[in-house]
Number of protein chains: 2
Amino acid sequence: MTGVLYALSDPVRLAIVKHLAEDGGKACGTFCLPVAKSTASHHFRVLREAGVIQMRPEGTQYINSLRREDLDARFPGLLDSVLRATGPI
Amino acid sequence: MTGVLYALSDPVRLAIVKHLAEDGGKACGTFCLPVAKSTASHHFRVLREAGVIQMRPEGTQYINSLRREDLDARFPGLLDSVLRATGPI
DNA sequence: TCCATTGTTCTATGATTTACGAACAATAGG
DNA sequence: CCTATTGTTCGTAAATCATAGAACAATGGA
């Protein structure tokens with residue numbers, strides 16, 4: 001639980017999650033994040049290891065998606081309330 | 001938003017919040033936290049500055065309480081989902 | 001085969017965080 | 001006035017984290 005909350009408590013990572021909530025199935029390079037790609041890779045890993053997202057390799061890139069069902073099963077309503085409170089992108 | 005999530009992402013602080021959710025109006029010394037009192041004071045401050053709790057001085061001690069209404073107004077459902085997902089103390 | 005694209009991994013650095021003890025302030029009680 | 005209680009603040013040490021650049025691996029296209 002604390003791991004998920006911590007993963008969501010960073011502005012860059014929360015931006016990633018919000019983008020994925022609007023339209024999933026996006027490659028890492030499509031996020032326009034204000035950090036270097038090595039830093040972005042770090043944030044994707046934190047989200048992945050916290051169980052918030054999953055990454056599927058496809059060609060030279062990774063397709064990211066939110067693990068909505070797993071999160072809703074473990075922490076009902078949490079992701080929804082976070083996304084609703086932060087508003088659209 | 002990220003400030004609240006961060007405040008809730010520490011085990012000690014989450015324990016404080018859960019205790020206050022069960023029965024509010026408790027002084028700092030009544031929590032049996034596994035840290036020194038200076039460290040506990042730090043955690044109470046993080047929660048206070050994130051807007052999660054409020055502390056009211058009363059004699060030599062501080063009475064803590066959850067800022068439920070403010071939190072529910074700013075982030076509807078967030079605190080409830082966190083408390084529900086973590087279960088009872 | 002050669003090159004571009006995509007993202008990871010490694011290493012380093014600066015900032016933040018958690019932790020503790022000691023000293024301090026404020027209050028209450030004797 | 002003296003002491004105990006409660007919690008804060010200060011100084012510091014250790015750990016963690018965010019960040020970036022360089023090198024690397026894997027894939028796909030020319």
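Scope of the values below: all heavy atoms of this structure, side chains included, with no hydrogens, waters or symmetry mates. Just so we're clear, the structure is a prediction, and the values are computed from it rather than from any experiment. Here is how names work: the chains are called A, B, and so on, in the same order as the sequence lines, proteins then strands, and each is numbered from 1.
- Counting to the nearest Å, the P atom of C:dT5 and the OH atom of A:Y62 are 19 Å from each other.
- What you find for B:L33 and B:A40 is that their closest heavy atoms are CD1-CB, 4.0 Å.
- Taking the side chain of A:R13 as heavy atoms from C-beta on, and the options D:dA18, C:dG7, D:dT9, the nearest nucleotide is D:dA18.
- Separating the CZ atom of B:F44 from the P atom of D:dG7 is a distance of 8 Å, rounded to the nearest angstrom.
- Listed nucleotides: D:dT8, C:dT8, D:dG21. Nearest to the side chain of B:R48: D:dT8.
- No contact: A:A40 has no heavy atom under 4.0 Å from any strand.
- Note that CG of B:L83 and CG of B:L14 are 7.5 Å apart. Values are rounded to the nearest 0.5 Å.
- With C:dT18, C:dG7, D:dT19 as the choices, the nucleotide that has an atom nearest any side-chain atom of A:T39 turns out to be D:dT19.
- Listed candidates were C:dA28, D:dG7, D:dT19. Nearest to the side chain of B:T60 is C:dA28.
- Scanning atom types as modelled, one donor and one acceptor separated by under 3.5 angstrom connect the side chain of A:S38 and the base of D:dG21.
- With distances taken from any side-chain atom of A:Q61 to the nucleotides C:dG7, C:dT18, D:dG21, the minimum falls on C:dG7.
- Looking at A:R67 and A:E69, no side-chain N of the basic residue comes within less than 4.0 Å of a carboxylate O on the acidic one, giving no salt bridge.
- Phosphate proximity of C:dT18 to B:Y6: present, with a side-chain N or O under 4.0 Å from OP1 or OP2.
- Taking only side-chain nitrogens and oxygens, B:H42 never comes nearer than 4.0 Å to OP1 or OP2 of D:dT9.
- When each of B:V52, B:V82, B:T86, B:N64 is checked for a side chain to side chain contact (heavy atoms under 4.5 Å, CB included) with B:V17, only B:V52 meets the rule.
- Residue B:R45 has its side chain nearest to D:dT9 when only D:dT19, D:dT9, C:dT9 are considered.
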